[in-house]
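Working notes, beginning with the structure itself.
In this text the structure is predicted, and so the values were computed from the model without any measurement. By convention in this document, chain letters (A, B, ...) are assigned in the order of the sequence lines, proteins followed by strands, and residues within each chain are numbered from 1.
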There are 2 protein chains.
Amino acid sequence: MQYMAATPEEDRRRAILDAAVTVVVERGYAAARVSDIAKRAGTSTGTVHYYFPTKVDVLDAALQHASERSHARHRAELAALNEPSEQLLRLIDLQIPDADVADEWSIWLEFWNEARRRDELRDRNHEIYTRWVGMIETIVRKGQRQGQFSLDVDPADFALRFAGLFDGLGLQVLLQPSLENRWRLRAALRGVVERELLS
Amino acid sequence: MQYMAATPEEDRRRAILDAAVTVVVERGYAAARVSDIAKRAGTSTGTVHYYFPTKVDVLDAALQHASERSHARHRAELAALNEPSEQLLRLIDLQIPDADVADEWSIWLEFWNEARRRDELRDRNHEIYTRWVGMIETIVRKGQRQGQFSLDVDPADFALRFAGLFDGLGLQVLLQPSLENRWRLRAALRGVVERELLS
DNA sequence: CATCTATCTGACGCGTCAGTCAATACATCT
DNA sequence: AGATGTATTGACTGACGCGTCAGATAGATG
């Protein structure tokens, strides 16, 4: 079923990238094998190399693929809400590591780890992070214009701290995904919103 | 020079672990080679295997080694200060990713990434994180007892958020270690302390 | 039908690396 | 001196995995 086949070529590409994402989540970026990816995509190693010259090309494209998917999801979800405060609170629930979202966090972690040693990935990470922080900042600005949020906070500063807190605590939730930890993450983020924006 | 040799055996062990930490920082946990470690330690692969049965044993011991070193440094630095507020502010400057400390952050990142797939490391991480958060919590408690910190905040809650914010922003500073980013990290952490504790 | 092109396959070559082991050196005890 | 135990070495082996390539399949074109 899945997608209704754009071109067969595009489909194969996407299937390989989806498979690569899964493999990275399961085995990790460094331990991912081309044969694992091929098997998951229901094809052969030769085909993987037909679409991507080297393993690094597949994996980097997969990271990119995952980050686009994640961002698209955020945009779609936020577009369905009007109130900035609702958007911010929704963003929290949308990104708490749990089931599918935990896989996404795993990808981020692999990404960061790999980026530490590779300039291009560091640049990619910077773009993605800036976009993520910018999304939060935009919501805060809108809330302030609408008089819903306090004018005492600097939107850029708040967004940075909000994102940082999310990453730091989210990381620990990823590693210890207990109900209590997820609840604490949620409470901490909602607390910041209430204390600083909904004064 | 370095250490004045406890036993020669202990020295070799330590040399191998120090070398392993360096290699993990440079090449990453997954790409670390036994021969790299041996070369860095000025010995042979045979000797590395003489002290540690497998590569995983060396690497795990190295992570442990690095975390103990880090904790010891924190304790030593804090013991030299009396005021809880000074201790907290010192902790910030002590742990901003920069030079040696950036290496330490790299180790954490590798640790987290590896821990995602291995129970024992996840448990180790939990212990280390709990100890780190506990250290902050203790400082806050002391500050409250001495009437220096506000009584409005829950120490455990504050400590968790402080640590989370530190990790999340620190991670981005590790990847983009500009002066400005370091300054923002510092400002964000000091801001939280001032706003919530030194009301 | 013959030819051309795009897609796909899996066996193989070649490099890499963890862990083994026989040989060696050195110290300590008898 | 000989014997015993500890530390060290680096060549070697066996496994593994990326990327290549010769060949298969099938659809399109003339």
Output one line per pair: protein atom, nucleotide atom from nucleotides 23-28 of chain C, and distance, for all N/O pairs under 3.5 Å.
none

Could you give the side-chain donor-acceptor pairs of residues 163-176 of chain B under 3.5 Å, partners two or more places apart or in another chain?
from, atom 1, to, atom 2, distance (Å)
Gln172(B), OE1, Asn125(A), ND2, 3.1
Gln176(B), NE2, Arg122(A), O, 3.2

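For Arg124(B), the salt bridge (charged side-chain N to carboxylate O under 4.0 Å, His left out) test picks out Glu68(B), Glu127(B), with sequence neighbours left out. When the salt bridge (charged side-chain N to carboxylate O under 4.0 Å, His left out) test is applied to Asp57(A), no partner is found at least two apart in sequence or on another chain. Remark: Phe158(A) pairs with Phe162(A) by the ring pair (Phe, Tyr, Trp, His ring centres under 6.0 Å) rule, at least two apart or across chains. Taking the salt bridge (charged side-chain N to carboxylate O under 4.0 Å, His left out) definition, one finds that Glu137(B) meets it with Arg141(B), sequence neighbours left out. Residues passing the ring pair (Phe, Tyr, Trp, His ring centres under 6.0 Å) test with Trp112(B): none are found, sequence neighbours excluded. Residues passing the ring pair (Phe, Tyr, Trp, His ring centres under 6.0 Å) test with His49(A): none are found, sequence neighbours excluded. Shown here are the salt bridge (charged side-chain N to carboxylate O under 4.0 Å, His left out) partners of Arg73(A), two or more places apart in sequence or in another chain: Glu104(A). His65(A) meets the ring pair (Phe, Tyr, Trp, His ring centres under 6.0 Å) test with no other residue; sequence neighbours excluded.
Remark: Arg161(B) engages Asp157(B) in a salt bridge, criterion side-chain N to carboxylate O under 4.0 Å.
The stretch residues 19-31 of chain B has no heavy atom under 4.0 Å from DNA chain C, so no residue of it qualifies as close.
Side-chain nitrogen and oxygen atoms of Thr47(A) include none within less than 4.0 Å of the OP1 or OP2 phosphate oxygen of dC8(C).
The distance between atom CG of Asp11(B) and atom P of dA7(D), rounded to the nearest whole Å, is 13 Å. Spacing between atom OH of Tyr50(B) and atom P of dG10(D) amounts to 17 Å, rounded to whole angstrom units. Nucleotide dT8(D) holds its C1' atom 17 Å from the CZ atom of Arg13(B), rounded to whole Å. Taking atom NZ on Lys39(B) and atom P on dC17(C), their separation rounds to 11 Å, with Å as the unit.
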Summary of protein contacts for nucleotides 11-27 of chain D, nucleotide by nucleotide, where a base hit scores B, a sugar-phosphate-only hit scores S (4.0 Å, heavy atoms) | B-----SSBB-------
Go through the steps for Ile37(B) and Leu59(B) under the test side chain to side chain contact (heavy atoms under 4.5 Å, CB included), then give the verdict.
-> CA-CA 10 Å; Ile37(B) 298 171; Leu59(B) 291 179; 4.2 Å; yes
